[in-house]
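Contents: one structure, followed by commentary.
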Amino acid sequence: MKKVFVVSIISAVALMGCSKEEQKTQGTYDESVTSFRDMTIPQGFDFSSTKTVYVNFAKQDGATPGAHSVITIQDGDGNMLMKHNADLSQDVELPLEVAATTKELFVVNSAGTGATIKISNNRLTVK
């Protein structure tokens with residue numbers, strides 16, 4: 001008898017949780033807009049919040065084959081975006097996703113020397 005009572009209570013609570021009342025959303029929006037053609041969109045808007053930047057690790061003149069350096073790339077807030085063990089005797093290009101508003105990144109080599117490098121044409125060249 002006790003099991004039937006507990007199962008009845010749980011079923012009643014579960015059914016009450018499935019209310020079919022329409023929920024009203026709060027906020028304001030323009031009801032006159034009925035299609036994308038009616039929207040006013042700023043020029044250059046493309047729905048993306050990130051962009052791909054190609055990081056070019058340029059080979060070092062006079063570097064012996066197999067010479068490596070750990071290079072860290074950080075954003076303006078000091079967040080590490082990439083850590084790469086670069087072969088200094090070869091050119092390497094790697095893609096990196098960054099915020100679309102990013103204009104420059106901070107690069108630190110294994111010796112601890114850092115520099116701010118500007119992104120130009122979605123390319124960041126590390127020398």
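The chain is numbered in sequence order, starting from 1. In this text the structure is predicted, and so the values were computed from the model without any measurement.
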In a table with atom names and distances, give each donor-acceptor pair under 3.5 Å that connects a side chain of residues 74-81 to protein atoms at least two apart or in another chain.
residue, atom, partner, partner atom, Å
D75, OD1, D77, N, 3.1
D75, OD1, G78, N, 3.1
D75, OD1, N79, N, 2.8
D75, OD2, N79, ND2, 3.2

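In this structure, F106 is not a member of the same hydrophobic cluster as L124, with clusters built from ILVMFWY side-chain heavy atoms closer than 4.5 Å. A chain of hydrophobic side-chain contacts below 4.5 Å, direct or via other Ile, Leu, Val, Met, Phe, Trp or Tyr residues, connects V92 to M82.
T101 is linked by a side chain to side chain contact (heavy atoms under 4.5 Å, CB included) to A99, counting only residues two or more places apart in sequence or in another chain. The side-chain hydrogen bond (donor to acceptor under 3.5 Å, both in side chains) check on E97 picks up T50, T52, with sequence neighbours excluded.
We find the CG-OG distance between D87 and S69 to be 10.5 Å, quoted to the nearest 0.5 Å. To the nearest 0.5 Å, atoms CD (E104) and OG (S120) are separated by 12.5 Å. The distance from atom OG1 of T72 to atom NZ of K83, rounded to the nearest 0.5 Å, is 5.0 Å. The distance from the CG atom of D91 to the CG atom of L88 is 11.0 Å, given to the nearest 0.5 Å. Rounding to the nearest 0.5 angstrom, the gap separating the OH atom in Y54 from the CG atom in L96 is 11.0 Å.
By the 6.0 Å contact criterion, NZ on K59 is open, its count of non-hydrogen atoms from other residues, nucleotides or ligands being 12 or less. Around CG of D61, the count of heavy atoms belonging to other residues, nucleotides or ligands within 6.0 Å does not exceed 12.
For N121 (side chain) and R123 (main-chain N/O), no donor-acceptor pair under 3.5 Å exists by modelled atom type.
Considering only heavy atoms from C-beta on, I71 stays 4.5 Å or farther from V55 through its side chain.
Considering V126, I119, T116, I117 in turn, I119 is the only one that fulfils the side-chain contact (heavy atoms from CB on, under 4.5 Å) rule with L105.
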